[in-house]
Amino acid sequence: MRIAICDDEKKLRRHLRQLIEIHLELLGISCLTQEYESGSALLEQLPGQQPDILFLDIEMPGMGGMDTARALRLSGYRMLIIFVTAYPDYVFEGYEVQAFHYILKPYQEQKIKKVLDMALEELQVQTLAYYAVEQKSGTLRLNLNQICYFKSEGRKVCGVDKEGRGVYFYRKLDDVQRELPDYFQRVHNRYLVNMNYVSRAESARCVCNHEDIPVSRAYKQEMAVAFAQMMLK
C-alpha cells in the first residue's frame, strides 16, 4: 500500500502519518508513506511512484491543493484523493477532481480511521476485478485496474497495461467487450479503453495513460457521454 501526504506544515504531516501507519499496522497492512511539503514538489517527484491514496492539504502557499488535484487528474493519475482542510467550503469544488473524501483539521483519530477504512474498502473492490485469458502456457488473470486498453490485431487481442506492456491472446474484441465491466468503453473497431485512464476526450482521439487512441465517428458520441459520466463520479 502506497500512501502520500502533501501538506506544507511538517508537524501536521508527521501527525497524520503516525495515525495512518498505526492504524494500517493494526490491520496487518504494510505501508510505504511519502511526504511532500508542496503541490509542486508532489508533481515533480510523483512520476513512477503513484500512491494508492493521497492526503492533500487544500490551503498551501504557491500551488494549492485543488490546483494540484486538477493537475494530477489532467495527467491521468487515478489515486484516491482525500482532501484535508480547516474549512468545509471546498466540498463542491472537489467533485471536479473526483475527490474521495474530506477530513477537517485539526485531525481526529476516529475520523482518520473511518475515512481510511472507507478508502481501503474502495481499493479492495477495485482489486477484485480480473479478466481470464487463455494462453498456451495456461490461464492468465489480467488485473483490469492495471489494463489501460485492449486493441485488436488480426485474430488476436492485446491488453496493454499502464507500463505499456502487452499481453496477446486469441479472442474477438466484441467478445472481450461483452465480458468486461462497463468502465471499458469501445472507441474504435480496434480499441476498447479503460475510462479510468482517460484524461482527455476529443472528436477523433482520446488520451489514455498519456497515449493517443483513435476515436472513430461511430463511437464518438458514446465516448463523449462516457467521459462526461466519469468526470461526474
Side-chain angles (χ1 to χ4, degrees), residues 1-21 24 31-108 111-112 114-116 118-120 122-123 126 145 148 162-164 194-202 205-212 227-233:
M1 172 70 62
R2 288 180 176 270
I3 305 286
I5 301 172
C6 184
D7 194 320
D8 61 305
E9 299 183 58
K10 183 176 180 180
K11 184 176 181 180
L12 290 178
R13 288 201 311 269
R14 295 298 167 84
H15 181 212
L16 180 57
R17 179 173 186 166
Q18 182 181 36
L19 293 175
I20 292 170
E21 291 183 345
L24 291 180
C31 170
L32 175 62
T33 308
Q34 297 289 119
E35 295 183 28
Y36 304 90
E37 61 183 11
S38 67
S40 57
L42 172 69
L43 293 171
E44 288 172 5
Q45 300 173 37
L46 194 60
Q49 50 183 2
Q50 178 176 195
D52 300 295
I53 303 172
L54 168 63
F55 289 85
L56 181 59
D57 184 23
I58 292 181
E59 300 88 12
M60 294 186 292
M63 177 176 279
M66 197 61 70
D67 287 335
T68 301
R70 291 190 186 100
L72 289 169
R73 293 308 192 212
L74 286 173
S75 297
Y77 289 105
R78 308 302 301 181
M79 77 283 283
L80 298 184
I81 296 178
I82 299 173
F83 281 121
V84 293
T85 176
Y87 308 97
D89 305 332
Y90 296 93
V91 173
F92 292 106
E93 279 189 76
Y95 287 110
E96 179 185 343
V97 293
Q98 304 104 52
F100 180 74
H101 218 289
Y102 285 79
I103 294 176
L104 292 177
K105 297 179 180 180
Y107 300 131
Q108 298 179 8
K111 181 65 173 180
I112 297 293
K114 181 179 179 180
V115 173
L116 191 54
M118 291 170 61
L120 293 173
E122 176 72 11
L123 290 171
Q126 294 178 6
N145 296 312
C148 299
K162 61 183 182 180
E163 305 298 332
N194 184 340
M195 294 301 299
N196 292 305
Y197 285 96
V198 175
S199 58
R200 183 185 297 273
E202 299 177 0
R205 69 165 191 139
C206 65
V207 179
C208 182
N209 193 39
H210 312 293
E211 185 176 347
D212 282 356
F227 186 69
Q229 290 175 338
M230 288 298 297
M231 293 299 291
L232 291 173
K233 287 184 179 180

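Quick note: residue numbers are just sequence positions, from 1.
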Original post:
What pair of heavy atoms forms the shortest contact from Glu59 to Asp8, and how long is it?
Top reply: O-OD1, 3.6 Å
Subject >> Close side-chain approach of Leu104 to Lys111, heavy-atom, < 4.5 Å >> reply: no
Subject >> Leu116 side chain near Leu24 side chain, heavy-atom distance below 4.5 Å >> reply: yes
Subject >> Option passing side-chain contact (heavy atoms from CB on, under 4.5 Å) with Ile5 (candidates Ile53, Thr33, Leu54) >> reply: Thr33
**OP:** For residues Met60 and Cys6, determine if any side-chain heavy atom of one lies less than 4.5 Å from a side-chain heavy atom of the other.
**Re:** yes
Original post:
For Leu32, what residues pass the side-chain contact (heavy atoms from CB on, under 4.5 Å) criterion, not counting sequence neighbours?
Top reply: Arg2, Gln34
Original post:
Can you tell if the side chain of His101 reaches within under 4.5 Å of the side chain of Lys114, non-hydrogen atoms only?
Top reply: no
**OP:** Could you grab the distance from atom CG of Leu12 to atom NZ of Lys105, nearest 0.5 Å is fine?
**Re:** 5.0 Å
Original post:
Sequence neighbours excluded, which residues qualify as side-chain contact (heavy atoms from CB on, under 4.5 Å) partners of Ala71?
Top reply: Leu43
Original post:
Under the 3.5 angstrom rule, does the side chain of Tyr77 hit a backbone N or O of Ala69 as a donor-acceptor pair?
Top reply: no
**OP:** Please check if the side chain of Asn209 supplies one atom and the backbone of Lys162 the other of a donor-acceptor pair under 3.5 Å.
**Re:** yes
Original post:
Does any non-hydrogen side-chain atom of His15 lie less than 4.5 Å from one of Asp7?
Top reply: no
Original post:
Out of curiosity, Gln108 CD to Leu19 CG, how far, rounded to the nearest 0.5 Å?
Top reply: 11.0 Å
**OP:** Could you check if a side-chain atom of Arg200 sits within less than 4.5 angstrom of a side-chain atom of Arg205, using non-hydrogen atoms only?
**Re:** yes
**OP:** Could you pull out the closest heavy-atom pair between Ala4 and Tyr36, with the gap in Å?
**Re:** CB-CE1, 3.9 Å
Subject >> Greater than 12 external heavy atoms within 6.0 Å of Glu37's CD >> reply: no
Original post:
Is the closest side-chain heavy-atom distance between Leu72 and Leu46 below 4.5 Å?
Top reply: yes
Subject >> Gln45 CD to Ser40 OG distance, which is reported to the nearest 0.5 Å >> reply: 9.0 Å
Subject >> Separation of Phe55 CZ from Phe100 CZ (nearest 0.5 Å) >> reply: 10.0 Å
Original post:
Is the backbone of Glu35 close enough, under 3.5 Å, to the side chain of Arg17 for a donor and an acceptor to pair up by distance?
Top reply: no
**OP:** First locate atom CD of Gln98, then atom CG of Asn196, and finally report the distance between them rounded to the nearest 0.5 Å.
**Re:** 9.5 Å
Subject >> Distance, nearest 0.5 Å, that separates NE2 of His210 from CG of Asp212 >> reply: 12.0 Å
**OP:** Taking Arg73 for its side chain and Val97 for its backbone only, find out whether a donor-acceptor pair lies under 3.5 Å.
**Re:** yes
Original post:
Taking NZ, NE, NH1 and NH2 as the nitrogens, is one of them in Arg13 or Asp57 under 4.0 Å from a carboxylate oxygen of the other?
Top reply: no
**OP:** Using side-chain contact (heavy atoms from CB on, under 4.5 Å) as the criterion, point out the one residue from Asp67, Thr68, Thr85 that pairs with Ile58.
**Re:** Thr85
